[in-house]
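Per chain, numbering begins at 1; letters A, B, ... match sequence-line order. If you're wondering where the values come from, they're calculated on a predicted model, not measured in any experiment.
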There are 2 protein chains.
Amino acid sequence: MGFAEVVNTKFSQPVPMPAEGIETVSDDLRALQQHPLFRAFDAVDFARVIRQARRVRLGHHQVLYRQDMPASHFYFVVSGCLRLYRLDASGIDRTLDSLAPGDCFAEVMIYADPARYACYAEALKQSEVLMIPVKAYRALLAENPDYAQHALRHYASRAVSRFHDLEIMTVQNARDRLIRYLVDLLPGGAREGGEVELPLPKCLVASRLAMQPETFSRILAELKASGLVRVNKSRLFIPNPTRLMTLSQ
Amino acid sequence: MGFAEVVNTKFSQPVPMPAEGIETVSDDLRALQQHPLFRAFDAVDFARVIRQARRVRLGHHQVLYRQDMPASHFYFVVSGCLRLYRLDASGIDRTLDSLAPGDCFAEVMIYADPARYACYAEALKQSEVLMIPVKAYRALLAENPDYAQHALRHYASRAVSRFHDLEIMTVQNARDRLIRYLVDLLPGGAREGGEVELPLPKCLVASRLAMQPETFSRILAELKASGLVRVNKSRLFIPNPTRLMTLSQ
DNA sequence: TGGCCTTTCTGATCCAGATCAAGTCGGTGT
DNA sequence: ACACCGACTTGATCTGGATCAGAAAGGCCA
């Protein structure tokens with residue numbers, strides 16, 4: 001494979017294709033049915049895809065797939081919390097995204113060619129994901145133009161948010177990157193204050209924002225000191241996002 | 001609008017919706033017909049979209065659209081060269097992508113909701129673009145499931161490359177970012193050496209890579225000195241990409 | 001309950017890269 | 001040919017953030 005050896009040894013092996021831990025799909029899939037990629041489906045078609053899906057349980061730090069691995073499935077987060085990251089030659093890992101229950105990921109693999117995962121996916125705690133064969137999904141879309149419209153809409157919104165991520169990363173200043181990241185997490189955007197739960201442990205948020213954990217910690221301390229952010233573990237309260245934004249120049 | 005005033009005054013006004021400079025669409029659209037978004041179209045449907053498209057000529061530094069402007073068209077580069085960028089409150093502009101003849105851009109607006117441009121688009125020299133109404137394209141796709149499959153494939157490949165861009169930007173080291181950028185420009189990837197034409201003037205490549213022009217210049221000088229890159233204006237010759245990559249650790 | 005381990009925080013140092021400031025070079029218009 | 005202007009380079013300094021090194025604060029297991 002070529003990078004199996006650079007994987008941090010504390011990580012478990014990736015799940016062997018299907019795998020033990022499989023069980024028949026049951027009912028907490030209401031959330032999946034609400035997802036933009038599935039919302040348009042009628043009950044029959046939904047059942048058809050789900051029948052071919054498999055539920056997988058992942059332990060803390062267990063790797064679901066690796067970058068460059070051939071991709072025949074995409075995923076839906078039933079419970080828990082995962083992250084997407086890449087490893088480079090020097091073994092540095094860089095977090096690219098975080099995933100929460102209700103998210104789909106690697107869905108770009110439905111139409112990617114060549115279909116190889118672009119990164120690693122790792123559970124950050126005990127998690128459960130549904131693995132959905134891309135073929136099954138693709139087959140339904142081919143038959144049903146209306147479904148395809150919905151998928152296109154989803155792909156478009158995903159593209160917009162990735163573009164936005166890219167925009168954040170071109171900000172040179174570490175503090176400004178953090179501020180924009182926090183404001184994006186706010187439910188109401190920059191409009192109104194609110195509480196935010198970091199979707200990743202702080203050290204991984206740091207890696208997501210291309211800075212060191214120490215730098216993250218110091219910037220957060222500084223924001224706390226100036227009263228712009230109230231911190232309680234991984235919950236942050238932001239009373240006035242507008243003032244925060246102006247600080248970011 | 002709210003940011004008309006931050007636009008650098010040396011830039012011209014954006015094209016007034018349709019505009020003078022319009023002419024009937026002629027024959028150098030062969031290239032468009034080859035584009036993944038149009039390849040599947042039969043002659044009749046292709047003609048149908050094209051009939052509703054308008055050709056626009058842009059002068060040096062002319063802005064085609066602005067960020068947050070309502071988006072009713074997407075674009076195809078007939079000739080010239082453009083860039084996508086954003087402006088923030090402090091007036092700093094950050095280049096997010098470069099465009100060459102044969103590229104489509106803002107095509108995500110076909111399905112985006114709300115349909116507002118996520119950035120500015122500006123011509124870097126005398127250029128010609130085709131503006132294609134998203135409605136026309138969307139209508140065709142709704143009728144034709146096969147076309148939708150192709151569009152999905154295109155969106156997927158676009159998503160993969162944006163993800164890849166994001167990955168480059170999470171590299172902390174300026175030299176490493178530049179090296180990865182250069183290797184990506186190589187036709188053969190890291191496999192074999194070759195010549196590369198920078199798709200943007202050097203100062204904008206710098207902004208694309210979140211570094212200062214001076215830093216870009218110095219790093220390039222350093223690579224030149226160590227024989228890893230031969231520089232001739234905006235053409236770079238990279239004899240041994242593998243060696244270049246290893247230097248990036 | 002205590003010890004260990006992981007995560008986070010804080011302090012001290014150092015360096016990559018930003019910033020400031022001239023130069024050089026090539027192109028363009030007069 | 002000249003002056004001008006923008007794109008690029010080069011040099012000198014300064015600083016934000018990386019790095020190194022501990023210390024504190026929880027969790028978790030025995």
Query raised in the report: To the nearest 10 degrees, how far apart in direction are the end axes of the helix from C:dT1-D:dA30 to C:dT30-D:dA1, each fit to five base pairs?
Result: 40°
Are OP1 or OP2 of [N] and a side-chain N or O of [X] less than 4.0 angstrom apart?
{"X": "B:Lys202", "N": "D:dT9", "value": "yes"}
{"X": "B:Asn173", "N": "C:dG17", "value": "yes"}
{"X": "A:Gln172", "N": "C:dG17", "value": "no"}

Report task. To the nearest 0.5 Å, tell me how far A:Asn240 CG sits from A:Leu228 CG. Result -> 7.5 Å
For the residue pair [X] and [Y], confirm or rule out a side-chain donor-acceptor distance under 3.5 Å.
{"X": "A:His61", "Y": "A:Glu122", "answer": "yes"}
{"X": "A:His164", "Y": "A:Asp184", "answer": "yes"}
{"X": "B:Thr95", "Y": "B:Arg83", "answer": "yes"}
{"X": "B:Arg94", "Y": "A:Thr170", "answer": "yes"}

Measure [atom1]/[X] against [atom2]/[N] and give the value in whole Å, please.
{"X": "A:Leu198", "N": "C:dT7", "atom1": "CG", "atom2": "C1'", "result": "14 Å"}
{"X": "B:Lys125", "N": "C:dG27", "atom1": "NZ", "atom2": "P", "result": "15 Å"}
{"X": "A:Ile92", "N": "D:dT19", "atom1": "CD1", "atom2": "C1'", "result": "12 Å"}
{"X": "B:Asn232", "N": "D:dA7", "atom1": "CG", "atom2": "C1'", "result": "16 Å"}
{"X": "B:Met211", "N": "C:dA18", "atom1": "CE", "atom2": "P", "result": "8 Å"}
{"X": "A:Leu200", "N": "C:dT8", "atom1": "CG", "atom2": "P", "result": "10 Å"}
{"X": "A:Leu178", "N": "D:dG17", "atom1": "CG", "atom2": "P", "result": "11 Å"}
{"X": "A:Leu204", "N": "C:dT6", "atom1": "CG", "atom2": "P", "result": "14 Å"}

Requested in this report: Assign B:Lys224 to base, sugar-phosphate, or nothing according to its heavy-atom contacts below 4.0 angstrom with the strands shown.
Outcome: nothing
Query raised in the report: Excluding sequence neighbours, so at least two apart, what forms side-chain hydrogen bond (donor to acceptor under 3.5 Å, both in side chains) with B:Arg177?
Result: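 None.
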Report task. Could you tell me whether B:Glu195 and B:Arg230 make a salt bridge, using a distance below 4.0 angstrom between a side-chain N and a carboxylate O? Result -> no
Query raised in the report: In residues 212-223 of chain B, what residues come within less than 4.0 Å of DNA chain D, judged by heavy atoms?
Result: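 The answer is B:Glu214, B:Ser217, B:Arg218, B:Ala221.
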**Report entry** Stepwise side chain to side chain contact (heavy atoms under 4.5 Å, CB included) test for A:Glu222 and A:Arg175
**Finding:** CA-CA 10 Å; A:Glu222 175 202 324; A:Arg175 184 205 291 124; 2.8 Å; yes
Query raised in the report: Does the salt bridge (Lys or Arg N to Asp or Glu O under 4.0 Å) test come out yes or no for B:Asp97 and B:Arg162, once each step is laid out?
Result: CA-CA 10 Å; B:Asp97 209 355; B:Arg162 284 266 176 260; 3.3 Å; yes
